There are 2 protein chains.
Amino acid sequence: MLTIGKLAEAAGVKVPTIRYYEQIGLLPPPERSAGNQRLYGNRAEERLAFIRHARDLGFPLEAIRDLLSLSDRPDQSCEAADAIARAQLSAVRARIGRLRALEAELERMIGQCAHGTIADCRVIEVLGDHAHCAHEHRKEP
Amino acid sequence: MLTIGKLAEAAGVKVPTIRYYEQIGLLPPPERSAGNQRLYGNRAEERLAFIRHARDLGFPLEAIRDLLSLSDRPDQSCEAADAIARAQLSAVRARIGRLRALEAELERMIGQCAHGTIADCRVIEVLGDHAHCAHEHRKEP
DNA sequence: CTAATGTCTCTAGCAACTATAGGTTCAAGG
DNA sequence: CCTTGAACCTATAGTTGCTAGAGACATTAG
């Protein structure tokens with residue numbers, strides 16, 4: 001049985017994160033010691049590793065919640081899990097696309113700067129007027 | 001003179017966003033009508049367009065605050081503005097790099113899925129054990 | 001046995017807004 | 001002139017995914 005600190009260390013997350021996951025129902029309430037401290041077994045350790053890894057891959061907690069409940073029913077089709085992963089992949093690709101547009105615009109802006117005064121600074125000027133931009137670019141949502 | 005709604009429409013932001021920018025000091029408190037409603041002139045419109053555009057390019061509000069105060073002193077060197085833009089560019093590039101690692105891992109995971117049951121789903125399995133991964137990948141900070 | 005460390009709960013804070021509630025003002029139609 | 005509906009006002013709370021702090025109790029090493 002692991003205390004919360006050992007579990008946090010083992011999984012590579014911070015202690016309050018574990019309590020937070022419990023609070024939002026991603027981790028079940030664990031046993032407690034005589035002095036009311038949380039004690040975790042292997043199941044919790046695996047579950048937390050799963051969450052951590054999915055977070056590292058950028059899955060939002062809501063998606064992870066769904067993936068976890070899927071992994072609790074091993075004999076069902078994995079189509080739903082697939083769909084979640086594909087949604088995440090396309091979200092990642094969309095963000096890459098937007099960021100590459102930003103990258104291009106920033107490069108252009110910086111490249112045009114003649115390093116003079118603010119009055120003729122391209123950076124400031126381009127920011128002030130979107131018409132100076134080569135491409136459309138929209139904020140990351 | 002524009003009401004807040006017209007200004008929001010002109011700049012492509014939501015009304016509460018303008019009030020929020022005023023609250024955090026990015027926009028100066030505007031004039032008010034006899035009935036206490038905000039009235040904006042051209043200066044505010046330009047300033048808001050600047051903010052909006054910089055946000056679209058991913059600059060955090062803190063950086064925008066600095067850029068705005070730079071643009072208020074036109075005869076200074078634009079080196080500081082340049083530095084902010086370059087910092088933003090490298091932040092964008094770093095995020096692209098991390099996202100591409102995620103993309104690769106997600107592709108691999110999804111590609112290996114045989115579309116059977118959860119019990120032998122690669123998606124679930126890979127998420128459960130980072131050792132299945134080809135590359136390091138770390139969460140977006 | 002004591003001191004240090006770990007853990008408990010609870011609350012507040014971060015970015016950058018967005019949404020809601022309950023009330024006031026404005027512009028247009030009858 | 002009056003009414004109606006949209007737009008405005010303030011203030012507060014919610015979003016996501018945690019992180020940090022306060023003040024009190026538990027455990028463990030020496």
Side-chain angles (χ1 to χ4, degrees), chain A residues 1-27 29-40 44 48 50-68 88 91 95 98 102 138-141, chain B residues 1-27 29-40 44 48 50-68 87-88 91-92 95 98 102 138-141:
Chain A
M1 286 307 208
L2 301 171
T3 64
I4 197 170
K6 302 294 178 191
L7 177 64
E9 197 179 354
V13 301
K14 303 235 171 89
V15 168
T17 303
I18 297 175
R19 290 197 276 249
Y20 170 71
Y21 287 162
E22 179 183 335
Q23 188 194 312
I24 64 170
L26 267 194
L27 289 175
E31 291 178 51
R32 298 288 183 130
S33 73
N36 197 36
Q37 302 195 347
R38 291 171 178 82
L39 292 177
Y40 296 92
L48 182 54
F50 185 102
I51 297 170
R52 161 79 204 277
H53 196 200
R55 285 296 297 134
D56 281 352
L57 285 164
F59 287 89
L61 290 181
E62 262 321 295
I64 295 173
R65 196 188 293 278
D66 294 344
L67 288 168
L68 280 169
Q88 173 62 10
R95 294 182 66 194
R98 278 191 302 265
L102 299 194
R138 214 111 290 278
K139 183 167 43 174
E140 298 242 342
Chain B
M1 286 305 209
L2 301 172
T3 63
I4 196 170
K6 304 293 177 195
L7 176 65
E9 198 179 354
V13 303
K14 303 234 171 88
V15 167
T17 303
I18 297 176
R19 291 196 276 248
Y20 170 70
Y21 287 162
E22 179 183 335
Q23 190 192 315
I24 64 170
L26 265 193
L27 288 174
E31 292 178 51
R32 298 288 183 131
S33 74
N36 199 33
Q37 301 195 348
R38 290 172 178 82
L39 292 177
Y40 296 92
L48 181 55
F50 185 102
I51 296 171
R52 161 80 204 277
H53 196 199
R55 285 296 296 133
D56 281 351
L57 285 165
F59 286 89
L61 290 181
E62 263 321 296
I64 295 173
R65 195 188 294 277
D66 294 344
L67 287 168
L68 280 169
Q88 174 62 10
V92 166
R95 294 180 66 193
R98 277 192 303 266
L102 298 193
R138 213 109 293 273
K139 186 168 37 175
E140 300 242 345

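As the structure is a computational prediction, the values presented were derived from the model and not from experiment. Proteins get letters first, then strands, A, B, ... in listed order; numbering begins at 1 in each.
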Undergrad: Out of C:dT9, C:dC17, C:dT7, which nucleotide sits closest to the side chain of B:T17?
TA: C:dC17
Undergrad: Calculate the interatomic distance between B:K6 atom NZ and C:dC26 atom P; express it in whole Å.
TA: 15 Å
Undergrad: Between C:dT9, D:dC18, D:dC9, which nucleotide gets closest to the side-chain atoms of A:Y20?
TA: D:dC18
Undergrad: Would you compute the distance between atom CZ of A:R65 and atom CD1 of A:I24 and round it to the nearest 0.5 angstrom?
TA: 5.5 Å
Undergrad: Between C:dA16, C:dC26, D:dC18, which one does the side chain of B:Q37 approach most closely?
TA: C:dC26
Undergrad: Can you see if the side chain of A:T3 gets near the phosphate of C:dT7 - specifically, an N or O under 4.0 Å from OP1 or OP2?
TA: yes
Undergrad: Can you tell me the distance, in whole Å, between the CD atom of B:E22 and the C1' atom of C:dA16?
TA: 17 Å
Undergrad: How is B:I4 classified with respect to the nucleic acid when contacts are heavy atoms under 4.0 Å: base, sugar-phosphate, or nothing?
TA: sugar-phosphate
Undergrad: Can you identify which nucleotide, out of D:dC9, C:dT9, D:dT19, has its nearest atom closest to the A:N36 side chain?
TA: C:dT9
Undergrad: How many whole angstroms separate atom CG of B:L61 from atom C1' of C:dC14?
TA: 12 Å
Undergrad: Within the pair A:R19 and C:dT9, is there a side-chain N or O less than 4.0 Å away from OP1 or OP2?
TA: no
Undergrad: Let's see if you can work this out: which of C:dC8, C:dC26, D:dT10 has an atom nearest to the side-chain heavy atoms of A:R38?
TA: C:dC8
Undergrad: Look at the side chain of A:R55 and decide which nucleotide, out of C:dC8, D:dC9, D:dC18, has an atom nearest to it.
TA: D:dC18
Undergrad: Among C:dC26, C:dC17, D:dC18, which nucleotide sits nearest the side chain of B:S33?
TA: C:dC26
Undergrad: Return the value, rounded to whole Å, for the distance between atom CG of B:L2 and atom P of C:dA27.
TA: 13 Å
Undergrad: Rounded to whole Å, how long is the line connecting atom CD of A:Q23 with atom P of C:dT7?
TA: 18 Å
Undergrad: Any sub-3.5 Å donor-acceptor pair from A:Q88's side-chain atoms to A:L57's backbone N or O?
TA: yes
Undergrad: Taking the minimum atom-to-atom distance to the side chain of B:R32, which one of C:dT7, D:dG17, D:dC9 wins?
TA: D:dC9
Undergrad: Which comes earlier along DNA chain D counting from the 5' end, the contact point of A:I51 or that of B:L39, where each point is its nearest nucleotide?
TA: B:L39
Undergrad: Measure from NZ on A:K14 to P on C:dC8 and round the result to the nearest Å.
TA: 17 Å
Undergrad: Checking all strands, does A:F59 fall into the base, sugar-phosphate, or nothing category for heavy-atom contacts under 4.0 angstrom?
TA: nothing
Undergrad: Calculate the interatomic distance between B:I18 atom CD1 and D:dA7 atom P; express it in whole Å.
TA: 14 Å
Undergrad: Indicate whether OP1 or OP2 belonging to C:dC17 is found under 4.0 Å from a side-chain N or O atom of B:Y21.
TA: yes
Undergrad: Nearest 0.5 Å, please: how far is CG in A:L61 from OH in A:Y21?
TA: 5.5 Å
Undergrad: Rounding to a whole Å, what distance do you find between A:R65:CZ and D:dC18:P?
TA: 12 Å
Undergrad: Under a 4.0 Å N-O cut-off, is there an ion pair linking B:R19 with B:E22?
TA: no
Undergrad: Enter the distance from B:I51:CD1 to B:T17:OG1 here, rounded to the nearest 0.5 Å.
TA: 11.0 Å
Undergrad: If you round to the nearest 0.5 Å, how far is CZ of A:F50 from CG of A:L27?
TA: 12.0 Å
